[in-house]
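Structure first, then comments.
In what follows, every heavy atom counts, from backbone to side chain, and hydrogens, waters and symmetry copies are set aside. Note that the structure is predicted; figures quoted are calculated from it, not measured.
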Amino acid sequence: MIRAAITGMGVVGGFGCGVSLLKQALEKGRSPDQTVRISTEKGDITAPALLADTAPLARYVSRKARRRFDHYTRLALLGGFLALDDAGMRESRPGRMGIILATGYGPTCNTADFTHSLTSDSVSFGSPTRFSNSVHNAAAAYLAILLREKGPSLSVSQFDMSVAQALLTALIWLSEGRVDTVLVGGVDEYCNVLGHYRQTLDGRGSAGAVQGEPALAVIGEGAAFFVLSKAGETAGTYGIIESVSMGKIPGRLPGPDDGSPVILGADGYTDCLNRYPRLVSISGTIGVYTGVYGGLPVGQAFDMAIAALSLTGGMLYPSVSPGTVFDDTFGLPRPAIPLKPGRLHCLKLGSSDDYGMLTLSVN
């Protein structure tokens, strides 16, 4: 499998918009506190959430065009434009570029809103705009249209394995010569159904008071995109993707046993929390950052961004876990750790007894 150079990166989430604000959140060990109010049959509840602001999209897309986009699409567009800007490729892109968008939930909120509009007594007809934006590949299509790209475009939905599958596809495209560059990223949005689900699981009451330490990350949303080119032909600003592996969870994973640091995508939303220590030695160098970007299926894209920043900065950032349950399980918190030039792994265990692992290295 060919290696890929990471030449640009764009991130937006509850920590803010851009690589610099992600760095700040990692250094501070937290993202800004946010809450949402959710109406339920038993009254309103207040739920924590890590929400993303898409206002910076105004730098790239006109107000007239933005009116057609739902929040999910705006997240994808902003992440993609930020990555291309970072790579110096927004205005001119040499050769052919492919677009791959990974998502776990897809346009969930938009779909729910459209369905509600068909059954609500307040409106006569459903919104055509909401209907057109309710399909999974709408966001990738908008990216291609706005960038005037005619190369291959793909939307990948494999829940919490979506990011690994998208990156594996990107490497295949590059190795086969289908494209010269790939814009690949993950995007998911928050909706009140998810917020209420977390409240139910972690035992919060209607007033939002914590009755016990939750073993769940706060629901998050956002986008993390990367510009990839063939390693060797282009220098990787943020390092190199050495390999991407996927499959059923084995008794022991081969990659992390080389002693390299491992970033775990543990957020508590599957039964995998206690399976990580059986696959990876927690006595090694471990990082958990779901406390920064929140719980969402494409969280591995944010782990990859953090891994790239750690490798190029020569330091693994202090872990930011969602709570003490994670700290006890993985021996956290860990302070910042100097990194020697080498590899760094990002491991995500999925809800279907599968795993996705990314291996990054410096140039």
Would you tell me whether [X] and [Y] have side-chain atoms, one donor and one acceptor, within less than 3.5 Å of each other?
{"X": "Tyr190", "Y": "Asn192", "result": "yes"}
{"X": "Asp188", "Y": "Tyr72", "result": "no"}
{"X": "Asp70", "Y": "Thr73", "result": "yes"}

Give the cluster check for [X] versus [Y]: same hydrophobic cluster or not, with ILVMFWY residues linked at side-chain heavy-atom distances below 4.5 Å.
{"X": "Phe226", "Y": "Leu168", "result": "yes"}
{"X": "Val280", "Y": "Ile249", "result": "yes"}
{"X": "Leu201", "Y": "Val36", "result": "yes"}
{"X": "Leu228", "Y": "Leu309", "result": "yes"}

Kindly indicate whether the side chain of [X], heavy atoms from C-beta on, has any atom under 4.5 Å from the side chain of [Y].
{"X": "Tyr60", "Y": "Leu146", "value": "no"}
{"X": "Leu22", "Y": "Val292", "value": "yes"}
{"X": "Met315", "Y": "Pro338", "value": "no"}
{"X": "Leu183", "Y": "Ile100", "value": "no"}
{"X": "Leu344", "Y": "Ile263", "value": "yes"}
{"X": "Ile241", "Y": "Leu167", "value": "yes"}
{"X": "Leu316", "Y": "Thr285", "value": "yes"}
{"X": "Thr237", "Y": "Val227", "value": "no"}

Reported [atom1]-to-[atom2] distance for the pair [X] and [Y], which is rounded to 0.5 angstrom:
{"X": "Leu279", "Y": "Leu349", "atom1": "CG", "atom2": "CG", "answer": "5.5 Å"}
{"X": "Thr290", "Y": "Asp303", "atom1": "OG1", "atom2": "CG", "answer": "8.0 Å"}
{"X": "Leu82", "Y": "Leu57", "atom1": "CG", "atom2": "CG", "answer": "9.0 Å"}
{"X": "Asp86", "Y": "Phe81", "atom1": "CG", "atom2": "CZ", "answer": "15.0 Å"}
{"X": "Met357", "Y": "His345", "atom1": "CE", "atom2": "NE2", "answer": "6.0 Å"}
{"X": "Glu91", "Y": "Leu147", "atom1": "CD", "atom2": "CG", "answer": "10.0 Å"}

Testing the basics here: between [X] and [Y], what is the closest heavy-atom pair and its distance to 0.1 Å?
{"X": "Val12", "Y": "Ala52", "answer": "CG2-CB, 4.0 Å"}
{"X": "Leu358", "Y": "Gln300", "answer": "CG-NE2, 3.8 Å"}
{"X": "Phe326", "Y": "Ser321", "answer": "CB-CB, 3.7 Å"}
{"X": "Leu360", "Y": "Leu311", "answer": "CB-CD1, 3.6 Å"}
{"X": "Pro32", "Y": "Leu50", "answer": "O-CD2, 3.9 Å"}
{"X": "Asp160", "Y": "Ser351", "answer": "OD2-N, 3.0 Å"}

**Request:** Please step through side-chain contact (heavy atoms from CB on, under 4.5 Å) for the pair Leu194 and Tyr105, ending with a clear verdict.
**Result:** CA-CA 10 Å; Leu194 295 172; Tyr105 298 130; 3.5 Å; yes

Under a 4.0 Å threshold between the charged nitrogen and the carboxylate oxygen, would [Y] count as salt-bridged to [X]?
{"X": "Asp267", "Y": "Lys348", "value": "yes"}
{"X": "Arg90", "Y": "Asp85", "value": "yes"}
{"X": "Arg96", "Y": "Glu149", "value": "no"}

**Asked** Within a reach of under 6.0 Å around NZ of Lys230, are more than 12 heavy atoms found that belong to other residues, nucleotides or ligands?
**Response** yes

**Request:** Check whether more than 12 heavy atoms from other residues, nucleotides or ligands sit under 6.0 Å from atom NZ of Lys248, and answer yes or no.
**Result:** yes

**Request:** Would you please classify the geometry between the Phe330 ring and the Tyr276 ring as parallel, tilted or perpendicular, with 30° and 60° separating the classes?
**Result:** perpendicular

**Message:** Over 60° means perpendicular and under 30° means parallel, so tell me whether Phe302 and Phe15 are parallel, tilted or perpendicular.
**Reply:** perpendicular

Keeping [X] on the side-chain end and [Y] on the backbone end, is there a donor-acceptor pair under 3.5 Å?
{"X": "Ser162", "Y": "Thr103", "value": "yes"}
{"X": "Thr181", "Y": "Met97", "value": "no"}
{"X": "Arg198", "Y": "Ala217", "value": "yes"}
{"X": "Ser62", "Y": "Ala65", "value": "yes"}

**Item:** Qualifying ring pair (Phe, Tyr, Trp, His ring centres under 6.0 Å) pairs, either residue in residues 303-324, two or more places apart
**Value:** none

**Request:** Please list all pairs passing the ring pair (Phe, Tyr, Trp, His ring centres under 6.0 Å) test where one or both residues lie in residues 83-102, with sequence neighbours left out.
**Result:** none

**Message:** Set out, in order, the CA-CA distance, both residues' side-chain angles and the distance that settles salt bridge (charged side-chain N to carboxylate O under 4.0 Å, His left out) for Asp353 and Arg275, then state yes or no.
**Reply:** CA-CA 10 Å; Asp353 200 33; Arg275 302 189 71 174; 2.7 Å; yes

**Message:** Could you walk me through whether Phe225 and Leu84 satisfy the side-chain contact (heavy atoms from CB on, under 4.5 Å) test, starting with their C-alpha distance in whole Å, then the side-chain angles of each, then the deciding distance to 0.1 Å, before giving a yes or no?
**Reply:** CA-CA 9 Å; Phe225 275 76; Leu84 290 171; over 6 Å; no

**Item:** side-chain contact (heavy atoms from CB on, under 4.5 Å) assessment of His196 paired with Ile45
**Value:** CA-CA 8 Å; His196 186 260; Ile45 61 173; 3.7 Å; yes

**Prompt:** Taking the six-membered ring for Trp, is the centroid-to-centroid distance between Tyr142 and Phe69 below 6.0 Å?
**Reply:** yes

**Request:** Using the side-chain contact (heavy atoms from CB on, under 4.5 Å) rule, take Val11 and Tyr293 through it: C-alpha gap first, then chi angles, then the decisive distance, then the call.
**Result:** CA-CA 10 Å; Val11 291; Tyr293 56 81; over 6 Å; no

